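Note on naming: letters A, B, ... go to the chains in the order of the sequence lines (proteins, then strands), and numbering restarts at 1 for each one. All values below were derived from every heavy atom in this structure, side-chain atoms included, with hydrogens, water molecules and symmetry-related copies excluded. Everything numeric here is computed off the predicted structure, so don't read it as measured data.
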Amino acid sequence: MTTLLQVNHLNMRFGGVVALNDCNFQVEKNSITALIGPNGAGKTTAFNCITGFYRANQGQLHFFPPNRPSVNLIQLLGQPFTWTDPIHPRRTLKKLGYKLFGGPHRIARAGIARTFQNVRLFKEMTVLENLLVAQHRQLVGHFLSGILNAKNFRKAENNALDHAMKWLAFFQLTTEANRLAGQLPYGHQRRVEIARALCTDPILLCLDEPAAGLNPQETKALSQLIRRLQKELHLTILLIEHDIGLVMELSDHVIVLDYGEVIAQGPPAAVQQNQKVLEAYLG
Amino acid sequence: MKTFILQPLTTATLVLILTTPISGLVLNGYDFNLKWQPPLLLALTAFFLHLGLMILNRRTTQKKSASSQKTSHHPAWPRLATILLPLLGLILPFLLGKYWLTIAILALIYILLGLGLNIVVGLAGMLDLGFVAFYAVGAYGFALGQEYLGLSFWAAIPLGAVLAATFGVILGFPVLRMHGDYLAIVTLGFGEIIRLVLNNWITFTGGPNGVRVDFPTLFGLEFSRHAKQGGTPLHEFLGIDYSSNHRYLFLYLTLFLVVLATIFLITRLKRMPLGRAWEALREDETACRSLGINHVTVKLSAFALGAMTGGIGGVFFAVSQGFVNPTSFTFHESALILAIVVLGGLGSIPGVISAAIIVTVLPELLRDFSDYRILIFGLAMVGMMIWRPQGLVRTTRPVFQGL
Ligand SMILES: Nc1ncnc2c1ncn2[C@@H]1O[C@H](COP(=O)(O)OP(=O)(O)O)[C@@H](O)[C@H]1O
Ligand SMILES: [Mg+2]
C-alpha cells in the first residue's frame, strides 16, 4: 500500500471555534476511505482544507500522485510573505507566483476532485455543458481554432463530448444529457455532480455526503457505483458519510472525527467496536 | 399558423389605439391635425416585433422537444434569417434619409455596447454599472489620439479596443473578489471617476468643451464637399453629385461590418470553453474553482472583451458626432446600456439586438411625447419584470445531437 494523501497536524480555527485540532491521517492509494463523525465534527472543514477552499492555520498536506512529483497542497494556495523572504529570492519568486495564480483550482489540477455537501451544479446549463466545463483545461488551448471552428477544435470538442457521455453512461444519465441541470430530480443532480468531478480525470475523488437525501434504492445503486470506481477504474475515494451502514459496507478505512479531533481510525469492524466512537455517537 | 398572424395583429391594433393620441395628434392652436404616419409605423413595428419574437421563441420550444425526442428537426428558417437579416441591414441605409440614417448608426452603436455589456453582465454574471467608462475611453482615446498624435480612424479602432481592454483589466483586477451589490457600486464609481477626470483635466482633455474629431477618410478619399485633409473628395472620384448622406452611409456600413464581426465572435465564444466558463462562473464560482478553472483569467477575459467592444463603440460614437465631451458619458448612459441587456434577456444576442433597436428607435417615433420618455421606459421595465422576467428573447442552450 502506498500513501496518496498525507495529512499532518492539521489545525483550522474560525475565530474562537476550533474546527480541526491536530488532525493526522492518510489516504491509501486505491482505497475507499470514509470520514465520519457527528454533525459539526469538522468533516466538511477537513475537505475544504484538503481541496484548498480554506487555508489551514497549521499543518501539512502532501499529495503523492503516482508517476508524478509530490505536491505540497498548502503551497499551491500561496503562502503569506515573511520577513526572511528577501534572503531567498528564488523561493520568494515562487511564492509570488503562487500568490498570483494559486488557489483551489491548482489543487483540482493536481488531481483532487470534489463534490459538495449541498449540490453545486451550474443550474442554468445543460448536464452535458456541466461536464464540458469540467474539461475546460483540455479545451481552452484551442482559442483561435475555436473562433474559426477549425478541425482540431472540433476534434477536441468531440473528444470532450465522448468523455462526458462515457461518464453519463456510467451513471445512467444518458437520457438527461441535454436537460438543464437545475431541472433534474435531486438524486440525479447528485450523480451529475459526481460525473462532473470525474470529468476532470482526478486521482483522488472526495465526496461530501454523496448519499444525503437519496432514498434506500438510490443509496444502494450509488454505493455500487462507488465500488466500481475503485475496482474497475482504480480511483481513490475519500468520502464523508452519515449512513453508517453504507460506510461499513463500502469503506476499507474509517476515520472518526469528533470536535475536530481524530478519535479513532482503522478498518470498519475495529472502529465499530471502539469505545470512544460509541460514546461520541451515543452520548 | 393562424395564431402567428392573429396575435401580432392584436398587438398592432392595440399599439395603434394607444399611440395615435400620443404620436398622431398635433396641436395647432385650439385645433389639432391628425398625422397617420407615426402611429402606423409604430403599429407595423410592433407587428413585426411580435411576429419575430414568436418565431424566435417557437424555435426554442422546438429545440426542447427535439432534445427529448432525440430527433434532429432543423427548421429551415433560422439559417435563412442569418442570411436575410444581414442583407436587410446592408440594404437598409440606402432606403433611409439622413435623419433616420443617423438614428440607425446610433442603434448600431448601442447594439455594440449592448453586446459588450452582455458579456460581462449576461454571460459572466458580474453586475457592471460603469460600462460607460469603456465607451468614454474608446471615444476619448480616438479624439485625443487624433489631436495629439494624429491617429487615424482605422488605427483607432484596434487601438481603442486595446486601450479599453486594458482599462477593463485595470478595473477587473481589484474587483475580482467582489460580487453583486459591492461590485455594482465599485464599477459605478469607476465610471464616474473616468467622467470626472475627463471633465476636470482641462489642459489635456479640453474639459467640458470637449474635443473635435475629424471625419475619417477611406483610402485617401474624403467625404466632404471640398478636400480639406489633402485627399480627393469621394463624389469627385466617383463622378457623382455631392451628398451629405455619403459620410453617414460610409459610417453605417463600416459599423455594420464591425457589429457583424462582433456578433460572430460572441456567438462562437458562447460555444467555446471560454464562453462556457463565463456562464459557469455566473452560476457558481466555487464549483468552477473545484473543477480547476482559474476564476481570475476567466473574469478578466470577460471584463477585457466586454470593455473592448465598448471601446470600439466609443470610437464610432466619436466619429458619428464629430465631437466628444463628458456629458455623453454619464451614469444615465450606463443605465441605458444595462437596460438594453436586461430588456433583451441576459445573455441572448438576438435579445440584445432587438432591445437596442427598440431603445433607440422608439424614442424617435415618440418625439412629441419626449417628456414622458423616461416614464414610459420605467413602465416598460416594470412590465417586463412582471411578464417576461427572462427578457424579450429567451436564451437557448446548445443541444448536442446524435450522441
Ligand atoms: N466558514 C466557517 N466559518 C465559521 N465557522 C465554521 C465555518 N465552517 C465551519 N465552521 C464551524 O466548524 C465546525 C465544523 O463544521 P463542519 O466541518 O461543517 O462540520 P461537519 O462535520 O458537519 O461537516 C462547526 O462548528 C462549524 O460551525
Ligand atoms: Mg458537513
- [ ] Any chance you could lay out the salt bridge (charged side-chain N to carboxylate O under 4.0 Å, His left out) test for B/Arg282 and B/Glu279, step after step, and finish with the verdict?
- [x] CA-CA 5 Å; B/Arg282 173 192 70 202; B/Glu279 294 198 73; 3.1 Å; yes
TODO: Give me the ring orientation class for A/Trp167 and A/Phe170: parallel if the planes are under 30° apart, tilted from 30 to 60°, perpendicular past 60°.
DONE: perpendicular
- [ ] Please say whether more than 12 non-hydrogen atoms of neighbouring residues, nucleotides or ligands are located less than 6.0 Å from CG in B/Asp181.
- [x] no
Task: Parallel, tilted or perpendicular, as decided by the 30° and 60° cut-offs, for the rings of A/Phe53 and A/Phe116 - done: perpendicular
Task: Verdict with reasoning, B/Glu285 to B/Lys299, per salt bridge (charged side-chain N to carboxylate O under 4.0 Å, His left out) - done: CA-CA 10 Å; B/Glu285 188 173 327; B/Lys299 272 189 180 179; 3.4 Å; yes
Open item on the list: Parallel, tilted or perpendicular, judged at 30° and 60°: which one describes the rings of B/Phe167 and B/Phe190?
Closed with: tilted
Task: Proximal component of B/Arg289, with respect to chain A [non-hydrogen, under 4.5 Å] - done: both
Task: Segment of A/Glu157 engaging chain B (4.5 angstrom heavy-atom cut-off) - done: side chain
- [ ] Would you tell me whether A/Gln135 and A/His163 have side-chain atoms, one donor and one acceptor, within less than 3.5 Å of each other?
- [x] no
Open item on the list: As an exercise: rank A/Arg137, A/Glu124, A/Gln138 by heavy-atom pairs under 4.5 Å with chain B and give me the winner.
Closed with: A/Glu124
Open item on the list: Out of A/Ala197, A/Ala108, A/Gly146, return the one with the most heavy atom pairs under 4.5 angstrom to chain B.
Closed with: A/Gly146
TODO: Side chain from CB out, backbone as N, CA, C, O: work out which of these in A/Arg106 comes under 4.5 Å of a heavy atom of chain B, or both, or neither.
DONE: neither
TODO: Name the option with the most non-hydrogen atom pairs under 4.5 Å to chain B; the candidates are A/Arg114, A/Glu193, A/His136.
DONE: A/His136
Task: Under 4.5 Å from a heavy atom of chain A, the part of B/Thr297 involved - done: neither
Task: A/Lys166 atom NZ, over 12 foreign heavy atoms within 6.0 Å - done: yes
Task: Toward chain B, the part of A/Thr51 with a non-hydrogen atom under 4.5 Å - done: neither
Open item on the list: Looking only at heavy atoms and a cut-off of under 4.5 Å, which of A/Leu168, A/Asn149, A/Leu139 has the most pairs with chain B?
Closed with: A/Asn149
Open item on the list: Which atoms of B/Leu269 are under 4.5 Å from chain A, going by heavy atoms: the side chain, the backbone, both sets, or neither?
Closed with: side chain
TODO: Select, from A/Thr115, A/Val133, A/Thr126, A/Leu148, the one with the greatest count of heavy-atom pairs under 4.5 Å involving chain B.
DONE: A/Val133
